[in-house]
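See below for the structure under consideration.
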Number of protein chains: 2
Amino acid sequence: MPKYLSTSDADFDAQFDALLTSKREDSPDVDDAVAGIIADVRARGDDAVIELTRRFDRLTLTPDTLAFTEDEIEAQCAQVPPAERAALDLAAERIRDYHRRQLPEDAEWKDDAGATLGWRWGPVSAAGLYVPGGTASYPSSVLMNAIPAKVAGVERLVITAPTPGGAVNPLVLYAARLAGVDTVYRIGGAQAIAALAYGTSTIAPVDKITGPGNAYVAAAKRRVFGRVGIDMIAGPSEILVIADADNDPDWIALDLLSQAEHDESAQSILITTSPEMGAAVAESVNRLLDGLERREIAAASWRDNGAIIEVGNLGEAAALADQIAPEHLELCVANPDVLAANIQHAGAMFLGKWTPEAIGDYVGGPNHVLPTARSARFSSGLSALDFMKRTTMARMTPGALSAVGPAAETLAASEGLGAHGASVRARLDRLNE
Amino acid sequence: MPKYLSTSDADFDAQFDALLTSKREDSPDVDDAVAGIIADVRARGDDAVIELTRRFDRLTLTPDTLAFTEDEIEAQCAQVPPAERAALDLAAERIRDYHRRQLPEDAEWKDDAGATLGWRWGPVSAAGLYVPGGTASYPSSVLMNAIPAKVAGVERLVITAPTPGGAVNPLVLYAARLAGVDTVYRIGGAQAIAALAYGTSTIAPVDKITGPGNAYVAAAKRRVFGRVGIDMIAGPSEILVIADADNDPDWIALDLLSQAEHDESAQSILITTSPEMGAAVAESVNRLLDGLERREIAAASWRDNGAIIEVGNLGEAAALADQIAPEHLELCVANPDVLAANIQHAGAMFLGKWTPEAIGDYVGGPNHVLPTARSARFSSGLSALDFMKRTTMARMTPGALSAVGPAAETLAASEGLGAHGASVRARLDRLNE
């Protein structure tokens, strides 16, 4: 049974706090194993990657077969049926349109002192996307990671995707080609992250690594952070639906279940101003669960991590939403814009009852790689900006240096940094000669 | 002696590669100790923080004295001489002006399908800045961290700054007050990072932690990453100066020394098209070193990590600069704009001989917290954006859902996610009723 809470309960705060801090995922401590794998790949390069792939993926590769060939990709893509092809094409187009609007502008201006200041954005040169194997090998995630990188202008874009026992998802390769990925390596795990970060004879190192993965992949990303850039460390998926009385409980139930079916650790929460709606949604969930292919996963997630919270009004709902800082937030209320304006922390908002979260997973346009585990308090979904960096620019004139240089000298002296001050002084003295 | 390289050397590539990959900092492995400190602070809160402060900073605090009082700050600020006060005021004003221009814009548009899409930026609610104690306790760093946070709109901004033996830098407190910092805690080390990330009875947790620190602080930031946001893990400082024949070698030498004096691990590199300039700068460095208060540190840095590289032309210089991806890049050439346009990777560029890097440390306006250790390939200097996050927004209409919903259903089916598809189908069916 999911948890039932009401803000009118005497112990609501304690119950809500327990919900917020409940540990949904038991991350195994794989850090030592990962450290060993990374050291091995750094020391032995391709040999280590090949050996680890044989051990973990039961697949024997050579340096020549680490990457898919053009012909192999072509043959796999030919297996993608027209409907899937068209759906991925539409998704790619919409994701590209959305992310193009994120491209930041350079700036340059002259200030009162006569200094020219500004900044310039540019892409990282090379990026690597991790695509999980097995059941979590999602072509939609390929688009969501690769398209922002290409929009940003990344020149070399590669994928690592394990193919356990040689199993390949043709849609993943189709999505990779569609998004402009240059090379797809059939490797995975911490060894793939190590190869991307440090390079091997066959695999050139990249500057930024993104994409979801298991505990080994997450631990490896944390370890190589600094050597390369990484995106967030993703946790299990979450949705918060805020609904008023005027909703179809089946719709809400299916939205909750579409998170729950991802993973037993996923969390689906409904906040409603209507006790009747809460009860009706609970009933719908139980009824609709039976029809799902992934009913066991969804049922476990709903049972262990689900919650229905009754609130007195939407103001209370907004305050709770900000504490949850959900990855996905659906606002199934009469005036979602007003409610949205009162909520600060969420990865992605879906406004109105005609916007099921699943649209955002595929074809909405915004990214589906979003901050989990309350990290929407301080981080954002994946964007073109994640594949770019900014260089600040400054140009002084003799006049500008005369205006601001003495203050720099004073501060350098106060911090005991003599050469700093002297580098300014030498120039100012020239002006007074 | 610094290394002397020339692109005309037969083994230049190998020499340059050795320079790039030389390990300048021997980070002690403090990870286990830090894990213990974090666990202790999580378990015992204030008690642990107070005990660790007594042990490491030789300072006995109580929950009531963890933070400076308003009166204490006032008294310290009164000790700041007028010249330093005016210099910090000017610096704050210029840093604020620069960072205000970074504030990103929200977006909202309607697409062809009738969907309303967009995003909204907002500040993190609370941020914590780490300010090192002792000789590296720089008021300029307080401004560079705190002002972007306040510009971003961060509501609660706190500092942790160890005060070993009770020693306080009045300028740090003045800078904190000037920048609008709410509370300054006299704690440091991994225990301060743990308190900021997890909170104690006295110290409320924050959402984002920035600021430099020693190996313990860096390891602690890496560990709490995900629980809170962090800025980069900073390494030792670096400068690359590209200079043509028309320069005052003393100016260049002082610019190189102003990085070298930070730290024995700092790295100063000169790339020049003029062998004569290279020789003259080397001579200037040796002569000017003697006059520096921090001559021993600067001499060790220059001797162990410094380099002078002769190139045939500025195109070669640009290519090498991109490989170095320096934190600071000074372009002391006749036409710095042209050269800047040919270089992709640098944290901050200083254009022309009248722009010593030291200006950027204090009063230029751009941030002095910049990517080190080649991380300018994928990351940027600190900015207002680091204290903000973005929520994506999507609103479908029945018409928009009809247009894109079927593609989402197709993709959900291909990924085996039945509830995803059903949540879309339930709505589409309503439209067909």
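Order of the sequence lines fixes the chain letters, A, B, ..., with proteins taken first and strands second; residue numbering starts at 1 for each chain. Treat the numbers as computed from the prediction; the structure is a model and nothing was measured.
- Proximity to chain B (any heavy atom under 4.5 Å) is shown, for Glu108(A), by neither the backbone nor the side chain.
- Shown here for Thr391(B) and Ala346(A), the closest heavy-atom pair between the two residues is OG1-O, 2.7 Å.
- Neither the backbone nor the side chain of Arg425(A) comes within contact range of chain B; no heavy atoms are under 4.5 Å apart.
- For the options Val404(A), Leu171(A), Leu256(A), Leu88(A), heavy-atom pairs under 4.5 Å to chain B are most numerous at Val404(A).
- Only the side chain of Trp121(B) comes within less than 4.5 Å of a heavy atom of chain A; its backbone N, CA, C and O stay farther away.
- Among Gly291(B), Ala126(B), Pro336(B), Pro123(B), the residue with the largest count of heavy-atom pairs under 4.5 Å with chain A is Pro336(B).
- No other option in Ser380(B), Ala407(B), Ala127(B) has as many heavy-atom pairs under 4.5 Å with chain A as Ser380(B).
- Shown here for Leu117(A) and Gly364(B), the closest heavy-atom pair between the two residues is CD1-O, 3.6 Å.
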Practice prompt. Kindly indicate, with the supporting measurements, whether the criterion side chain to side chain contact (heavy atoms under 4.5 Å, CB included) is fulfilled by Phe378(B) and Ile209(A).
Written response: CA-CA 10 Å; Phe378(B) 54 82; Ile209(A) 300 175; over 6 Å; no
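- Interface remark: of the candidates Ala373(A), Ser375(A), Gly118(A), Gly365(A), Gly118(A) forms the most heavy-atom pairs closer than 4.5 Å to chain B.
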Note to self: Checking Asp361(A) against His420(B) for the side chain to side chain contact (heavy atoms under 4.5 Å, CB included) test, could you report, in this order, the C-alpha distance in whole Å, the side-chain angles of both residues, the deciding distance, and whether it holds?
What the structure shows: CA-CA 9 Å; Asp361(A) 283 337; His420(B) 283 68; 2.9 Å; yes
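- Sparse packing is recorded around CG of Asp112(A), with 12 or fewer heavy atoms of other residues, nucleotides or ligands lying under 6.0 Å away.
- In this view, Asp250(A) and Ser284(A), Arg287(A) satisfy the side-chain hydrogen bond (donor to acceptor under 3.5 Å, both in side chains) rule, not counting sequence neighbours.
- When each of Lys353(B), Glu357(B), His345(B), Glu409(B) is scored by its heavy-atom pairs under 4.5 Å with chain A, the top score falls to His345(B).
- If you measure heavy-atom distances from Ile343(B) to chain A, the contacts under 4.5 Å come from the backbone alone.
- Both the backbone and the side chain of Ala412(B) have a heavy atom closer than 4.5 Å to some heavy atom of chain A.
- Only the side chain of Ala91(B) comes within contact range of chain A, judged by heavy atoms closer than 4.5 Å.
- For the set Leu289(B), Ile359(B), Leu257(B), the count of heavy-atom pairs under 4.5 angstrom toward chain A peaks at Ile359(B).
- The part of Leu292(B) that comes within reach of chain A is its side chain, from C-beta onward, which places non-hydrogen atoms under 4.5 angstrom from that chain.
- Heavy atoms of Val206(A) lying under 4.5 Å from chain B belong exclusively to its backbone.
- Taking every heavy atom of both residues into account, Gln344(A) and Arg120(B) meet most closely at CA-NH2, 4.1 Å.
- With a threshold of 4.5 angstrom between heavy atoms, Arg430(B) approaches chain A through side-chain atoms but not through N, CA, C or O.
- We find that Asp248(A) and Arg427(B) are not joined by a salt bridge, their nearest charged nitrogen and carboxylate oxygen being 4.0 Å or further apart.
- There is no contact between Val80(B) and chain A, counting heavy-atom distances below 4.5 Å.
- When all heavy atoms of Ala394(B) and Pro366(A) are compared, the closest pair comes out as CB-CG, 4.5 Å.
- Shown here for Glu415(B) and Pro139(A), the closest heavy-atom pair between the two residues is OE2-CD, 3.3 Å.
- For Ser383(B), the parts sitting under 4.5 Å from any heavy atom of chain A are the backbone and the side chain alike.
- Proximity to chain A is absent for every atom of Arg295(B), based on heavy atoms less than 4.5 angstrom apart.
- Between Thr392(B) and Ala348(A) the shortest heavy-atom distance is OG1-CB, 3.2 Å.
- When the side-chain contact (heavy atoms from CB on, under 4.5 Å) test is applied to Ala218(B), the partners found at least two apart in sequence or on another chain are Ile233(B).
- Within the 6.0 Å centre-distance limit, the rings of Phe225(A) and Phe225(B) are counted as a close aromatic pair.
- The residue among Arg395(B), His262(B), Glu261(B) with the most heavy atom pairs within less than 4.5 Å of chain A is Glu261(B).
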Item to check | Residue pair Arg390(A), Gln102(B): steps toward the side chain to side chain contact (heavy atoms under 4.5 Å, CB included) verdict | outcome: CA-CA 11 Å; Arg390(A) 198 183 46 240; Gln102(B) 295 175 326; 4.2 Å; yes
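- Atom OG of Ser140(A) sits about 8.0 Å away from atom CG of Leu417(B), to the nearest 0.5 Å.
- When side chains are defined from C-beta on, Met393(A) does not count as touching Phe350(B), because their heavy atoms never get closer than 4.5 Å.
- Most heavy-atom pairs under 4.5 Å with chain A: of the set Glu105(B), Glu84(B), Met388(B), this distinction falls to Glu84(B).
- Heavy atoms closer than 4.5 Å to chain B are found nowhere in Ala400(A), neither backbone nor side chain.
- Taking the six-membered ring where the residue is Trp, Tyr98(B) and Trp109(A) present tilted rings, their angle falling between 30° and 60°.
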